[in-house]
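Note sheet for the following structure.
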Amino acid sequence: MTDSADNKIDYSKTLNLPQTDFPMRAGLPKKEPEIIERWNEMNLYKSLREDAKGREKFVLHDGPPYANGNLHIGHALNKTLKDVITRSFQMRGYDSNYVPGWDCHGLPIEWKIEEQYRGKGKNKDEVPINEFRQECRDFAAHWVGVQSEEFLRLGITGDFENPYLTMNFDSEAIIAGELMKFAKSGQLYRGSKPIMWSVVEQTALAEAEIEYEMYESDTVWVKFPIAKGPDHLKGASIVIWTTTPWTMPANRCVCYSKKVSYGLYEVTVAENEFGPQPGDRSIFADSLVGECAEKAKVEMKRVGDVSVDDLKGMVLDHPLKGMGVDGYQFKVPMLHGDHVTEDAGTGFVHTAPGHGRDDFENWVAKRAEIEALGIDSSIPFCVADDGTYTDDAPGFPDVKVIDEKGKKGKANQAVITALIGQNNLFARGRVKHEYPHSWRSKKPIIFRNTPQWFVYMDKDGVCEKGTLRNTALAAIEETRFVPALGKNRLRGMIEGRPDWVLSRQRAWGVPISVFRNEETGQVIPGPEFDKSDELSQRIVEAFKKEGADAWYAEGAKKRFLDGIVDNQEQWTKVNDILDVWFDSGSTHAFCLEQREDLKWPADLYLEGSDQHRGWFHSSLLESSGTRGRAPYDAVLTHGFVMAEDGTKMSKSKGNVVTPQEVISQSGADILRLWVASSDYSEDLRLGKTILQTNIDSYRKLRNTLRWMLGTLSHDEGEEVALADMPELERLMLHRIWELDKLVNSNYDSFDFKRITRSLLDFMVLELSAFYFDVRKDALYCDGPSSVRRKAALQVVGHLFDRLVTWMAPILPFTMEETWLSRYPDAKSVHFEQFRSCPDEWRDDALATKWKKVRQVRRVVTGALEIERREKRIGSSLEAAPVVYINNDELNTAINGLDMEEICITSDIEISVGTAPDGAFTLDDVAGVAVVPQLAKGEKCARSWRVTTDVGADPEFPEVSARDAKVLQELKLLGKL
RNA sequence: GGGCUGGUAGCUCAGCUGGUUAGAGCGCACGACUGAUAAUCGUGAGGUCGGAGGUUCGAGUCCUCCUCGGCCCA
């Protein structure tokens with residue numbers, strides 16, 4: 001130590017002050033990419049796999065995000081949760097492999113390509129389908145690349161070099177194979193359903209392709225003569241109201257509601273000579289009859305009640321029954337419908353099951369009831385692709401509902417004329433209302449019955465537990481749900497759902513690779529076809545080699561059917577594609593089952609709560625239908641990310657937070673800390689304030705680790721046995737032991753916020769504010785031979801190793817940086833396992849005792865605070881208070897302890913007995929009173945403690961006896 | 001409109017089967033230290049537990065209604 005000019009020693013140079021290059025400020029946005037680069041260089045993912053070879057597998061199966069557009073905050077939340085789980089299981093001793101996946105087929109990508117076409121003035125229909133498909137494929141591939149990079153930037157670890165894609169040839173082959181399993185087991189059937197159809201584009205449209213615009217519709221009030229009903233209603237009619245007169249030929253029933261009050265009304269005065277005339281009797285909802293009378297320009301009086309019992313079982317004639325064509329002679333039943341309201345109309349709802357969603361659903365739900373009445377429940381196909389009536393709507397040949405330009409056709413007028421001819425038109429009018437239009441052509445669309453492919457939910461004998469529904473419900477019971485409420489939600493949906501529609505009339509997807517016999521309706525592969533396996537295999541093999549494009553290639557039909565069927569002419573190759581939910585529902589088949597490094601079923605599926613209707617749902621159905629159980633043992637759901645006020649993020653409100661901006665401004669670890677400290681079982685909130693809270697937490701955490709690093713930079717000396725350690729060290733080991741249990745069990749139950757909270761609180765309350773604060777004197781000032789110092793260093797080392805590994809799954813970047821700072825030769829913290837904590841560390845009695853010690857300490861600190869307020873002291877080392885203890889328990893607790901060390905004062909006098917008046921007390925610590933006093937003696941120039949033995953060693957006159965001894969020791973070692 | 005679900009200090013979270021004056025960390029204010037220093041330590045102020053009824057000796061915790069929000073349907 002160099003003496004300065006005035007011959008004074010710089011004692012700070014003789015201390016073991018913290019020394020570290022580990023920066024206080026993280027600079028994560030810059031630092032994190034460097035760490036990623038390091039991981040890439042060592043190929044961290046592959047090394048981890050090799051490292052974990054042979055260990056028990058833990059498989060979290062990735063739900064595939066859709067491959068279009070950049071990541072949003074929801075993706076970040078989802079993938080971070082997955083990553084925390086993957087990493088924590090890896091560090092807890094499993095081989096925890098994670099294979100990311102992407103959903104690549106489907107509508108949104110088709111739109112984008114079509115949009116590009118329109119920009120170039122091209123038309124999708126003029127492009128060969130496989131050319132179009134290739135462009136979709138390229139588009140998806142591009143976004144897989146972009147998202148992959150973004151996920152990696154978030155610190156996600158996984159097999160990003162070999163992800164699974166639904167559009168990989170192998171995937172497409174197996175998806176088709178899965179579909180054919182449904183076909184072969186007799187679970188697949190061809191039915192029909194009304195869908196939104198654009199006549200102009202001659203294409204089906206999805207909900208998202210629809211926009212609502214004002215539109216003027218023709219409206220009609222139509223009489224349905226009662227054919228069978230109670231006597232007092234004989235000769236009367238039920239009147240319905242509709243804004244789509246063209247759907248009258250497709251009418252199959254009329255719905256009423258139990259909640260509506262109906263009456264029988266008779267016309268008393270009629271303004272016109274046409275339409276309803278005096279004496280005509282009809283039934284209306286009492287609340288709506290006035291408006292109806294007005295529209296028909298008549299006056300009516302109520303002549304009787306109509307009860308629900310009167311309506312139940314009633315049968316009507318079709319209003320076009322008498323128009324002289326074959327086809328309207330069927331019976332029209334009255335059915336109850338929950339969708340019937342008194343908002344508008346007549347209180348009765350005209351039901352054309354082929355042209356409306358409610359209509360269809362109510363009709364299908366009541367199928368048994370309808371059949372029991374001896375009525376055919378099949379749904380007619382009344383309108384063709386081009387908007388023209390078909391033979392299923394007899395009497396209107398060549399009449400169009402909508403023409404090729406999107407203009408109204410003659411259908412409404414023709415129907416109205418026919419109704420007038422039958423004297424069944426009660427009134428007519430026009431109404432302007434919101435009506436669905438194609439967002440592309442801006443032309444009105446129609447609901448139109450079309451053939452679709454379904455899977456039976458309730459067909460018996462085709463599935464493990466009889467029906468698919470029962471099989472799936474049983475599978476739900478076998479699954480663990482986190483949080484538990486998810487089970488009810490999924491169960492409710494499976495219980496109530498209709499048959500599963502698989503088909504889409506689209507181009508970018510896996511085809512429904514079956515053939516249908518147009519005459520017999522037989523489908524192959526199928527249950528009664530002996531070459532099903534051969535056919536199925538042939539298709540799968542082709543798809544594996546060429547992708548699903550093989551289905552659309554020239555000569556595909558011949559290629560697949562040669563030698564399979566005798567007369568290929570009879571068979572039609574189905575051109576529909578599979579709904580993308582079937583693709584993703586099959587990931588377990590083409591990813592989990594196929595990859596050697598994974599397993600089936602997965603330990604865990606993890607997605608947002610919307611996936612109860614999505615991926616959890618379709619995976620469950622797919623797997624139940626083909627394998628009789630769920631493809632997962634457990635399902636974890638998380639909520640959605642909201643803005644700070646709890647409402648949805650929206651561009652217009654300007655409260656959208658993107659992962660990209662958080663990462664570039666604060667770093668991925670900040671985002672990850674936010675995830676790990678939030679309650680993901682509900683919706684989570686994110687905004688400026690919340691981000692700042694996490695930044696602050698991060699700083700505290702980082703600084704605490706930094707201090708440990710600095711402290712640990714000094715020689716730890718030889719190991720101190722547990723029994724030789726001071727109580728304070730043993731207390732900390734006990735706490736580590738407790739935290740070890742807490743951390744492990746909460747990683748196991750996926751409760752990360754508990755881990756984060758506990759560790760942060762521990763670092764703040766017990767380390768920074770207590771243990772470290774107390775031990776600074778020993779760590780900085782004690783000499784190399786001090787057992788106290790060696791023990792403390794050892795404990796800090798234990799703390800460091802555990803805290804850093806425990807937090808590595810949550811903060812992979814920072815913990816890597818921290819770990820490498822202490823262990824520069826280590827490969828990566830991510831190869832570490834959570835260190836075990838010996839049971840010898842546990843000491844409950846000691847913990848109880850020290851709770852009491854800290855109570856006494858609180859009183860001392862409280863008393864010193866007053867002194868500080870009054871400017872009598874600054875540092876607590878200036879004080880040497882007297883502690884009066886009048887409490888046996890507390891007295892026993894502190895007996896034999898260096899209370900001045902624990903309270904960080906220069907001296908403490910313990911006095912058993914009553915305190916003088918005016919001594920400082922705390923309400924909640926009975927029997928402890930403190931009288932503050934200034935420490936006697938001089939301030940030691942080295943330790944800053946005020947002692948009476950400063951100058952005891954004439955060689956070091958400025959320091960206390962303890963410090964002089966240390967200096968002598970250092971001198972002996974040649975370190976001075 | 002229906003199903004499921006949530007609303008505890010400025011922020012994030014604890015509060016088990018109903019039981020003393022509702023807790024913690026952060027933030028904030030004030031103070032101390034200047035050997036964790038754009039750090040560290042201490043003290044303090046913040047809540048009619050979304051609102052209103054009800055059950056109970058007693059409710060943040062149970063029931064009903066209302067309100068605001070979320071997901072999924074319609």
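Throughout, protein chains are lettered first and strands after them, A, B, ... in sequence-line order, and every chain is numbered starting at 1.
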Please evaluate residues A/Asp751 and A/Lys753 with respect to the criterion salt bridge (charged side-chain N to carboxylate O under 4.0 Å, His left out), reporting the C-alpha separation (whole Å), side-chain torsions for both, the decisive distance (0.1 Å), and the verdict. CA-CA 6 Å; A/Asp751 193 349; A/Lys753 69 177 175 353; 3.4 Å; yes

Identified pairing partner of B/G44, criterion: Watson-Crick or G-U wobble below 3.5 Å: B/C28

Expressed in angstrom and rounded to an integer, what is the separation of A/Lys939 atom NZ from B/C33 atom P? 10 Å

Between B/U67 and B/C11, how far apart are the two P atoms, rounded to whole Å? 24 Å

Looking at every strand, decide which applies to A/Asp696 at a 4.0 Å heavy-atom threshold: base, sugar-phosphate, or nothing. sugar-phosphate

Taking any heavy-atom pair under 4.0 Å as a contact, classify A/Arg613: base, sugar-phosphate, or nothing. sugar-phosphate

Once you apply a heavy-atom cut-off of 4.0 Å, does A/Trp674 come out as touching a base, just sugar-phosphate, or nothing? nothing

Rounded to whole angstrom, note down the C1' distance from B/A9 over to B/G35. 37 Å

5'-most contact on RNA chain B: A/Arg706 or A/Leu684, nearest heavy atom basis? A/Leu684

Do the side chain of A/Thr711 and the base of B/A36 come within less than 3.5 angstrom through a donor-acceptor pair of N or O atoms? no

Ionic contact status for A/Asp782 with A/Arg962, cut-off 4.0 Å: yes

Answer for the Watson-Crick or wobble partner of B/U64, both distances under 3.5 Å, is B/A52

Nucleotide opposite B/A39 in a Watson-Crick or G-U pair, distances under 3.5 Å: none

Applying a 4.0 Å non-hydrogen cut-off, can you work out what A/Ser678 is touching in the nucleic acid: base, sugar-phosphate, or nothing? sugar-phosphate

What contact category does A/Met493 fall into here, base, sugar-phosphate, or nothing, at under 4.0 angstrom with non-hydrogen atoms? sugar-phosphate

Does A/Ala941 reach a base, just sugar-phosphate, or nothing at all? Heavy atoms under 4.0 Å. base

Say you pick atom P in B/G46 and the same atom in B/A24; how far apart are they, in whole Å? 14 Å

Parallel, tilted or perpendicular: which fits the ring planes of A/Phe800 and A/Trp819, with parallel below 30° and perpendicular above 60°? parallel

If I pick the P atom on B/G6 and the same atom on B/C13, what distance separates them, to the nearest angstrom? 15 Å

Select base, sugar-phosphate, or nothing to describe what A/Arg489 touches, counting heavy atoms under 4.0 Å on all strands. base

With a 3.5 Å limit on both atom pairs, tell me what B/C13 is paired to, counting Watson-Crick and G-U wobble, or say none. B/G23

What distance, rounded to whole Å, do you find between the two C1' atoms, one in B/U8 and one in B/G47? 8 Å

Looking across every strand, which nucleic acid part, if any, lies under 4.0 Å from A/Gly646 by heavy atom: base, sugar-phosphate, or nothing? sugar-phosphate

Base, sugar-phosphate, or nothing: which does A/Ile873 touch, judged by heavy atoms less than 4.0 Å apart? nothing

Using the P atom as the reference point in each nucleotide, state the distance between B/G18 and B/U56 in Å, no decimals. 16 Å

Indicate the ring-plane relationship of A/Tyr605 and A/Phe616, choosing parallel, tilted or perpendicular according to the 30° and 60° boundaries. tilted

Look through every strand shown and name the nucleotide pairing with B/G1 as Watson-Crick or G-U wobble, where both distances are under 3.5 Å. B/C73

Select base, sugar-phosphate, or nothing to describe what A/Arg869 touches, counting heavy atoms under 4.0 Å on all strands. base

In whole Å, what is the span from the CG atom of A/Leu485 to the C1' atom of B/C4? 9 Å

Under 5.5 Å centre to centre and under 30° between planes: does that hold for A/Phe772 and the six-membered base ring of B/A36? no

Here the distance between atom P of B/A39 and atom OH of A/Tyr698, to the nearest Å, is 14 Å

Classify the side chain of A/Arg685 versus the base of B/C11 as yes if they form a donor-acceptor pair under 3.5 Å and no if they do not. no

Please indicate whether A/Asp924 has more than 12 foreign heavy atoms, meaning atoms of other residues, nucleotides or ligands, lying under 6.0 Å from its CG. yes

Does A/Thr20 reach a base, just sugar-phosphate, or nothing at all? Heavy atoms under 4.0 Å. nothing

Using the C1' atom as the point on both nucleotides, what is the distance between B/C63 and B/G1, in whole Å? 25 Å

When you check the gap from the basic side-chain N to the acidic O, do A/Asp610 and A/Arg613 get nearer than 4.0 Å? no

Just to be sure I understand the rule, does A/Arg942 reach a base, reach only the sugar-phosphate, or reach nothing, if contact means heavy atoms closer than 4.0 Å? base

Whole-angstrom distance between B/C62 and B/A14, as gauged at atom P: 16 Å

Integer-rounded Å distance: B/U43 C1' and A/Asp773 CG: 15 Å

Nucleotide B/U12, atom C1' - distance to CZ of A/Arg754 in whole Å: 14 Å

Within the 4.0 Å heavy-atom criterion, would you say A/Leu765 contacts the bases, only the backbone, or no part of the nucleic acid? sugar-phosphate

A/Arg735 to A/Phe762, cation-pi by 6.0 Å centre distance and 45° axis angle: no

B/G46 glycosidic torsion: syn (within 90° of 0) vs anti: syn

Could you tell me whether the side chain of A/His714 reaches within less than 4.5 Å of the side chain of A/Gln19, counting heavy atoms only? yes

A/Glu682 or A/Gly874, whichever maps to the more 5' nucleotide of RNA chain B: A/Glu682

Could you tell me whether A/Lys776 contacts a base, only the sugar-phosphate backbone, or nothing, with contacts defined as non-hydrogen atoms closer than 4.0 Å? base

